[in-house]
Amino acid sequence: MALSADLIGQTFSTGHPYVVTADKVAEFAAATQTPYQPGDVPPATFPIVVAFPAIMALLEDEQVGLDLARIVHGEQRFTYTRPIQIGDELSATLQVDRVRSMAGSDIITTTSRITDAAGELVCDAKATLIHRGEDA
Amino acid sequence: MNIGDVLGPLQYSITRDDLVAYAKASGDHNPIHQDEAAAQAIGLPTVVAHGMLTMALAARALHQWTGGPGNVGELGVKFTKPVPVWADRPAELEISGEVTAREGDHATIRLTVTCEGEKVLGVSRAQVTGLPTP
């Protein structure tokens, strides 16, 4: 299935900010075998918790028409502007950067900008999502 | 930490229980990480680890090598092979690094992550900061 080129530049977000709590960070650290003391900077991949709902907003958008069962996570990159802190109110807005077809699959490159309550950039979370073709 | 230094290897195990804990902590409840039938329906041999859990363990290795959290300025990986997690034995990951650049308190580390001898992450690289300077 070829995706519409109109998808490029479209944005997806979840509407309400994510409040970073010590409990949530401790749970994530424990689930990733990472030592954590209250007050420590969260593990480096923690922003996926904030970006994930924006990614799901894209994947579940009926207008876009993706089949969730055929989505594979191809690449992921985090680029920090500053460390995340407990109490941060973070919002993620995903933008579709690029869509291309390869061997029957669609490859969707996205950037989720994670910003704080002041609207300042904290981290860019780039995800490449592969929508496998029927025969891929 | 100087150019050419080899870091690790470090070993981490992933069990089915770990996948349940990661799903809860991350919000990623895709059934291919929990349910044998769902994984097999898309051609996988059994349930597979979340790619993001494998990436998190690579970050955890960086945490070990750089002396704590907060030192990662950039981390990027490509998910090249699934990590199968069988019901009766954990998946064993081995993670090593090599310092490919060093300037001031910054370094670039190339990561190699394997499971049962096969690379599961490709082009994996981190920029770390806040290193002690000579």
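Note that this is a predicted model, so its numbers are computed, not measured. Here is how names work: the chains are called A, B, and so on, in the same order as the sequence lines, proteins then strands, and each is numbered from 1.
Residue A:Pro53: no heavy atom, backbone or side chain, is found under 4.5 Å from chain B. For A:Lys126, no part sits under 4.5 Å from any heavy atom of chain B, backbone or side chain. Within the 4.5 angstrom heavy-atom criterion, only backbone atoms of B:Ser13 (N, CA, C, O) approach chain A. When heavy atoms are compared at a cutoff of 4.5 Å, A:Phe52 approaches chain B solely by way of its side chain, counted from C-beta outward.
The hydrophobic cluster containing A:Leu129 also contains A:Leu7, counting ILVMFWY residues as joined when their side-chain heavy atoms lie under 4.5 angstrom apart, directly or transitively. Cluster annotation: B:Tyr12 and B:Leu121 are assigned to the same hydrophobic cluster (Ile/Leu/Val/Met/Phe/Trp/Tyr, side-chain heavy-atom contacts under 4.5 Å, transitive). B:Leu75 and A:Tyr80 fall within a single hydrophobic cluster, where Ile, Leu, Val, Met, Phe, Trp and Tyr side chains are chained together by heavy-atom contacts under 4.5 Å. When the side chains of ILVMFWY residues are joined at heavy-atom separations under 4.5 Å, either directly or via intervening members, A:Leu3 and A:Leu68 end up in a single hydrophobic cluster. B:Tyr22 and B:Val48 are assigned to two separate hydrophobic clusters, defined by single-linkage of ILVMFWY side chains at heavy-atom distances under 4.5 Å.
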side-chain contact (heavy atoms from CB on, under 4.5 Å) for A:Glu75 and B:Val77? Distances and angles first, verdict last.
CA-CA 6 Å; A:Glu75 294 177 39; B:Val77 307; over 6 Å; no
Stepwise side-chain contact (heavy atoms from CB on, under 4.5 Å) test for A:Gln33 and B:Asp18
CA-CA 9 Å; A:Gln33 306 180 33; B:Asp18 293 334; 4.0 Å; yes
Worked verdict on A:Met56 versus B:Asp28 for side-chain contact (heavy atoms from CB on, under 4.5 Å):
CA-CA 9 Å; A:Met56 290 306 289; B:Asp28 182 349; over 6 Å; no
Evaluate the side-chain contact (heavy atoms from CB on, under 4.5 Å) criterion for residues B:Arg60 and A:Thr34: first the C-alpha distance (whole Å), next the side-chain angles of each, then the deciding distance (0.1 Å), finally the verdict.
CA-CA 6 Å; B:Arg60 195 261 171 270; A:Thr34 309; 3.5 Å; yes
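In the displayed structure, B:Arg102 atom CZ is contacted under 6.0 Å by more than 12 heavy atoms of other residues, nucleotides or ligands. Sparse packing is recorded around NZ of B:Lys81, with 12 or fewer heavy atoms of other residues, nucleotides or ligands lying under 6.0 Å away.
Here the OG1-NE2 distance, from A:Thr45 to B:His50, works out to 12.0 Å after rounding to the nearest 0.5 Å. To the nearest 0.5 Å, atoms CD1 (B:Ile42) and CD1 (A:Ile71) are separated by 11.0 Å.
Per-residue heavy-atom pair counts under 4.5 Å with chain B were compared for A:His73, A:Lys24, A:Arg82, and the maximum is reached by A:His73. With chain B as the partner, the residue from A:Ala44, A:Ala69, A:Ala31 showing the most heavy-atom pairs under 4.5 Å is A:Ala31. Interface check for chain A: of the options B:Ser124, B:Ala21, B:Pro31, B:Gly76, the most heavy-atom pairs under 4.5 Å are formed by B:Gly76. Among the candidates B:Gln64, B:Met52, B:Lys24, B:Gln127, the residue making the largest number of heavy-atom pairs closer than 4.5 Å to chain A is B:Met52.
Taking the side chain as every heavy atom from C-beta outward, B:Phe79 and A:Gln76 approach each other to under 4.5 Å. The side-chain heavy atoms of B:Met55 and A:Ile48, taken from C-beta on, include no pair separated by under 4.5 Å.
The heavy-atom pair separating B:Ala56 from A:Thr32 by the smallest distance is CB-CG2, 3.4 Å.
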